[in-house]
A.B. asks: 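Quick one: the structure is below, and I'll ask about it shortly.
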Amino acid sequence: MAKTNRTILICSGKGGVGKTTLTANLGIALANSGASTAVLDADFGLRNLDLLLGLENRIIYTAQDVLDNNCRLDQALVRHKQEPNLALLPAGDPRMLDWMKPDDMKKISNLLSEKFDYVLIDCPAGVEDGFKNALAASKEAIVVTNPELSAVRDADRVVGILNTCDIDPIQLVINRVRPTMMANQEMLSVEDVTSILSLPLLGIVLEDEQVIISTNRGEPLTLSGKKSPASKCYSNISQRIRGEDVPVIDPNKESKSLKDKFLKLMQTKIF
Amino acid sequence: MTLRDLINKLLGRETASANTARERLQLVLAHDRVDMSSLSTDLLDKMRNEILNVVAKYVEIDFDEVAVSLETEDRMTALVANLPIKRTISGEIKFKNIEKTNK
Ligand SMILES: Nc1ncnc2c1ncn2[C@@H]1O[C@H](COP(=O)(O)OP(=O)(O)OP(=O)(O)O)[C@@H](O)[C@H]1O
Ligand SMILES: [Mg+2]
C-alpha cells in the first residue's frame, strides 16, 4: 500500500478555541489506527502540545536544532511511549533568538512528511507571522472554531487567507458544542456556523469536562479509550480524516433527556 | 419561524439569542469580506469607465442609471454591472439589460 502523505494545518484565528487539544487527540487517534503520525508544535512562543501529550519532560531538541544541524531529525522527535506511532516535534522554544522563517518550516514539514503518513501542525493563534510560518508548511487545513460570534468571525478571516494560499481542502471543526443550548437557540447552530463559513464540516466536538481532566493528566482522551462525549467526537473526526464513510456526530442525537426532546420540538419550523 | 419564536412573540419575549448572533455575524462578515478584496474604489471607478466605453461602442446606455458594484455571497465576490440600454446603435429600442461578470 502506498504511504499516505498528508500535512494538515490546525488553525483558528482566535485563541483558546481548542486547536492544541484537537491536535493532541487526533494525533493519538490517527496513530492508534495504525498510521504513523507526527504532531508539530508551531506555537513556539507559547508551547503547549507537549503538556497535553504528557511529553514535556522528554523534549531535548527542537526543529530549530535540526535545521542548525545540532542533531538529526530522529533525535529531535519525541516518541509517545503508549502510542509509539506518534511523535512530537516542537518547532522551537520560547528562549529562541532567531525565529523560524516560512522556508524553515517548509523544510521541516518536508522532512516529516517523508517519514510520516500524517503531519498535524498545531498553529499559533492570530494571523501574523507565527500563523504565516505554519501556513507555508501545509497543504490542507482544519479550521477550528466555537459556536460564538468572535470565534466565527476570526475563522472567516483565516479562511480568506487560506483561500489565497492554495490550501485545499479546508475543512471545519466546531468545538465546544452544547446541544442543550443549541436546542434552546441560545447558541449558533452547527448549520449556522457551517453555512456562514461555507466550509465542508469535518466534525464537531461536544463541550466536555473530561477534556480538562485529561489535560491535567497529560493523557489525551483518545489515549485512555474511555468513552466520553468529546472522545467519541475526536475518534469520529479521525475516522473521517482517514476517509471512512461515517456521518458527522449530530448534537441533537447526543442529548437524550426529555427536556431536550421538548426543546427540539420547539425548533420545528412552522412557517 | 419556529414554534419557539411564535410562542416568544405571543408572550412578548425577546427572540432567541442565536438568531441575533446569526444576523450580527452575517452583517459584520459582509463588511470584513469586502475589506479583504483588494479592489479599491479608485480601481472600481476606472474599471467602470472602461466597461462603459466598450459597451457604448455598440449600444446607447442610459448613463444616469448605470450601477457597478461588488456583491459578496457565499465567499464569492461578483462584479455586478447594471447597464440599462436605451437603444442599439442601429436604432432599435431595447429592454433593460443586466450584465453579470464573476470575479
Ligand atoms: N470540547 C471541550 N470541552 C471543554 N473544554 C475544552 C474543549 N476543548 C478545549 N477545551 C479547553 O479550552 C481551553 C483551550 O484549549 P486549547 O489550548 O486546545 O486551545 P488553543 O486553540 O490551542 O489555544 P491557543 O490559541 O492559546 O493555542 C483549554 O483549557 C481546554 O481544556
Ligand atoms: Mg494552542
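Since this is a predicted model, take the numbers as computed values, not measurements. Labels below follow one simple rule: chain letters A, B, ... track the order of the sequence lines, proteins then strands, and each chain is numbered from 1.
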A.B. asks: Just how far is it from atom CG of B/D32 to atom CG of A/D154, taken to the nearest 0.5 Å?
C.D. replies: 9.0 Å
A.B. asks: Does the pair B/R33/A/D156 count as a salt bridge with the N-to-O cut at 4.0 Å?
C.D. replies: yes
A.B. asks: Is A/E209 atom CD crowded by more than 12 heavy atoms from other residues, nucleotides or ligands, each under 6.0 Å away?
C.D. replies: no
A.B. asks: Counting heavy atoms not belonging to A/D166, are there more than 12 under 6.0 Å from its CG?
C.D. replies: no
A.B. asks: Please report the shortest heavy-atom distance between A/M187 and B/A18, naming the atom on each side.
C.D. replies: O-CB, 3.4 Å
A.B. asks: Look at atom CZ of A/R178 and say whether more than 12 heavy atoms of other residues, nucleotides or ligands are closer to it than 6.0 Å.
C.D. replies: no
A.B. asks: Rounded to the nearest 0.5 Å, how far apart are CZ of A/R153 and CG of B/L29?
C.D. replies: 7.5 Å
A.B. asks: Of all the heavy-atom pairs spanning B/A21 and A/L188, show the shortest one and how long it is.
C.D. replies: CB-CD2, 3.8 Å
A.B. asks: Can you confirm whether more than 12 heavy atoms, excluding those of B/N49, are under 6.0 Å from its CG atom?
C.D. replies: yes
A.B. asks: For A/L149 versus B/R24, what's the shortest heavy-atom pair and its separation?
C.D. replies: CD1-NH1, 3.4 Å
A.B. asks: Taking only residues two or more places apart in sequence or in another chain, which ones pass salt bridge (charged side-chain N to carboxylate O under 4.0 Å, His left out) with B/R48?
C.D. replies: none
A.B. asks: Report the distance from atom CD of A/Q185 to atom OG1 of B/T20, rounding to the nearest 0.5 Å.
C.D. replies: 10.5 Å
A.B. asks: Decide if atom CD1 of A/I213 counts as having more than 12 heavy atoms of other residues, nucleotides or ligands within a radius under 6.0 Å.
C.D. replies: yes
